[in-house]
Amino acid sequence: MTSDIVAKQGWQYLGQLIGITLLAGCAQIASPVASQPEENPNNPYNQFRQAVNQVEPLLDPGLESLTANLQENSPTLERQTTVVLPQVKLLDVNENLTVTTASTLQDFNEQMYQRLIQSGYSGVFDINVTRAGAAIQQFCQDQSVNLLSVNRAMTPAEIQGCQGKGRQPLGLAIGKDPLLLVVNKQNDFVKGVTLEKLKAILTSRTWSQVDPSWPNVPIQRAMIGPNSSTVALLSQKLSAGAALLQAPGTTFYTYPEPLVQGLSTMPNAMAFINASIYERFTQTFRVIPINGISASVDTVESNAYPLVQSLFLYVDQKQLAPDMPTKAVANFYLTEMSEVMNEVGLLPLNQAQLDQTKNQWLKATTNN
C-alpha cells in the first residue's frame, strides 16, 4: 500500500495528503474578510500554513488486505446535480453580509467570497472564524449574522434556543470532512487500529497499556475541544463520554494551528485532524487507518470509514424574501459549492445528496 489516503478524481486535495508536497494557505482576497488575527510573520495562526512534507505511510499487514479489498470494490459515485437553481443577479447586491464559521470551513468561505466578487457582488463579506458551538451561538443571538457554516448539525436544543431568539434556522447539508487519526512522524509502531483499540488510546496513560508490543511511554493526545464537534463525534462513535474528557495526557486546543505545532514537538503524540485542516500545515504526520480503512471518497460515501463530519450551511428563513441579499448569496453558495469544496480539500455531496439539498432550498424559498 503506497498511501494511507486513496487518490480519487474529483477529490483532489484529500487524495494527495500523503506522498506528495502540498502548497496551502488561505485565499488572498480583495478586502479583509476573516476575523482571525491579521497576516504577519509572527502570527501563530499563519506560521504553519505552508507545505506538508512527504511521509512514507506504514500499514499493519493484517489490515492492508482489508483496506485494498474495500477500495477495489467501492463504486464510483457521481456528483453532477440534476437540479438547477435559478440564477441570481449579484450585480444588484451591494449590502454588507456576515458569515460565522467553524475553522474547518474558513478556506471554503474565503473562496466563495472570491467568487462572489468575480460575479459582481460589491458588498463587504465579513468572515468570523470560531469553533462550531460558538458559531452557532453567535448566529442565533446576533441578528446581523446572515450565514452560518459548521461541521455538525445543530442539536434540537440549539434549534429551540435559536427559535427563542427570533431566528428560524434552515440547515442545508453542503459536504463532508473526514476526521483523521494522525501520529507524530517519529511514531513507527502504530500502523493501524480498530475502533476498540482507538477508544483505549484515547483513555489510557501509556501506549503499552493499549498494546503490550508498543513502548511503555505516556500517550500525549491533542484535539480540538472540549466542547467541539470533534469530541462530540468521538464520544458518539466510541461511547467514550466523560472518560475521553478526563483522560490524562490530553490537551485541548481552540484552533488547529497551535495543535499542529504542539504535535510536531511530541514524538509520542497522537491527534485528530480534519482532512481539510491537515493539508494546510507545515508538518509531517502519518495518517493511521481505522478498522483497516483509510479515508477516501468511496469509503466515506459507503459509510465504511467511521469518522466523518457532515458540513452544513444555515440561514434564517426570515431572511429569504426575494429582495433580501441573504437569499441571493445563499443561492450562489448552493450553486458553486461543489466545485469550491474540491478546491479546498472538502468532500462534495454526491448527486442524490446535492439534489436533496437543492430541492430543500427550492421548497423553502418558494414558500417565501
Side-chain angles (χ1 to χ4, degrees), residues 3-20 22 24 27 52 67 70-71 73-83 101-112 115 132 149-153 171-182 224 229-230 232-234 236-237 256 272-281 287-291 293-314 333-358 360:
S3 176
D4 283 336
I5 303 295
V6 180
K8 287 288 184 179
Q9 183 178 8
W11 197 11
Q12 302 168 358
Y13 284 75
L14 180 57
Q16 298 172 343
L17 288 178
I18 301 239
I20 66 172
L22 294 172
V52 177
T67 305
L70 184 137
Q71 292 166 354
N73 292 287
S74 295
T76 301
L77 296 153
E78 298 294 334
R79 280 181 170 70
Q80 184 176 359
T81 181
T82 58
V83 178
T101 181
S103 58
T104 298
L105 286 152
Q106 178 181 348
D107 286 353
F108 169 73
N109 283 289
E110 291 177 347
Q111 289 292 334
M112 291 301 304
R115 291 187 176 225
S149 59
V150 282
N151 51 350
R152 67 170 177 84
L172 302 159
I174 58 174
K176 297 180 180 180
D177 194 19
L179 192 63
L180 305 179
L181 169 62
V182 298
I224 302 297
S229 55
T230 295
L233 179 61
L234 293 173
Q236 175 189 2
K237 291 292 184 178
F272 282 99
I273 301 177
N274 289 87
S276 56
I277 297 292
Y278 176 90
E279 71 177 45
R280 292 165 45 193
F281 303 104
V287 179
I288 306 300
I290 301 173
N291 282 350
I293 300 168
S294 299
S296 73
V297 174
D298 294 336
T299 60
V300 169
E301 291 291 358
S302 65
N303 295 319
Y305 187 75
L307 300 177
V308 180
Q309 294 180 335
S310 295
L311 309 175
F312 290 89
L313 179 72
Y314 280 88
Y333 261 63
L334 298 178
T335 302
E336 301 284 320
M337 66 184 183
S338 292
E339 188 173 341
V340 176
M341 287 280 173
N342 279 322
E343 292 177 359
V344 298
L346 295 167
L347 177 59
L349 303 175
N350 62 37
Q351 177 177 330
Q353 295 165 341
L354 185 56
D355 286 347
Q356 183 177 0
T357 290
K358 289 186 174 182
Q360 181 186 0

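Atom set for the values below is all heavy atoms of this structure, side chains included, hydrogens, waters and symmetry mates excluded.
Rounded to the nearest 0.5 angstrom, Gln360 CD and Leu172 CG are separated by 5.0 Å. To the nearest 0.5 Å, the span separating OG on Ser229 from CD on Gln236 amounts to 11.5 Å. Taken to the nearest 0.5 Å, the CE atom of Met337 stands 8.5 Å off from the CG atom of Leu313. Atoms CD and CE, on Gln111 and Met341 in that order, are 12.0 Å from each other to the nearest 0.5 Å. Taking CD of Gln309 as the start and CG of Asn274 as the end, the distance is 4.5 Å to the nearest 0.5 Å.
Distance alone, capped at 3.5 Å, places no donor-acceptor pair between the Asn291 side chain and the Ile293 backbone. For the pair Thr299 (side chain) and Ser294 (backbone), a donor-acceptor distance under 3.5 Å is present. Between the Gln353 side chain and the Pro348 main chain, no donor and acceptor come within less than 3.5 Å of each other.
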Query - Derivation of the side chain to side chain contact (heavy atoms under 4.5 Å, CB included) call for Lys176 and Glu301 - result: CA-CA 9 Å; Lys176 297 180 180 180; Glu301 291 291 358; 3.9 Å; yes
Query raised in the report: Does the pair Leu105 and Leu346 meet the rule for a side chain to side chain contact (heavy atoms under 4.5 Å, CB included), with working shown?
Result: CA-CA 9 Å; Leu105 286 152; Leu346 295 167; 3.8 Å; yes
Report task. Start with the C-alpha gap between Leu307 and Phe272, add the side-chain angles, then the distance that decides, and say whether side chain to side chain contact (heavy atoms under 4.5 Å, CB included) holds. Result -> CA-CA 10 Å; Leu307 300 177; Phe272 282 99; 3.7 Å; yes
Requested in this report: Please lay out, stage by stage, how Val344 and Glu110 fare under the test side chain to side chain contact (heavy atoms under 4.5 Å, CB included).
Outcome: CA-CA 10 Å; Val344 298; Glu110 291 177 347; over 6 Å; no
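Taking each heavy atom of Asp355 and Val83 in turn, the nearest pair found is OD1-N, 3.3 Å. Taking every heavy atom of both residues into account, Ala295 and Leu180 meet most closely at CB-CD2, 3.8 Å. Nearest heavy atom pair, residue Pro306 against residue Ile290, reads CG-CG2, 3.7 Å. Of all non-hydrogen atoms in Asn151 and Ala102, the two that sit nearest each other are OD1-CB, 3.8 Å. Between Ser149 and Asn109, the closest heavy-atom pair is OG-ND2, 2.9 Å. The two atoms that bring Leu181 and Tyr305 nearest to each other are N-OH, 4.3 Å, heavy atoms only.
Crowding of Gln356 atom CD: a count of heavy atoms from other residues, nucleotides or ligands under 6.0 Å not exceeding 12.
By the salt bridge (charged side-chain N to carboxylate O under 4.0 Å, His left out) test, Arg152 pairs with Glu158, sequence neighbours left out. Every residue was checked against the ring-ring contact (aromatic ring centres under 6.0 Å, His included) condition with Tyr314, not counting sequence neighbours, and none meets it. Every ring-ring contact (aromatic ring centres under 6.0 Å, His included) that Phe108 has, sequence neighbours left out, goes to Tyr333.
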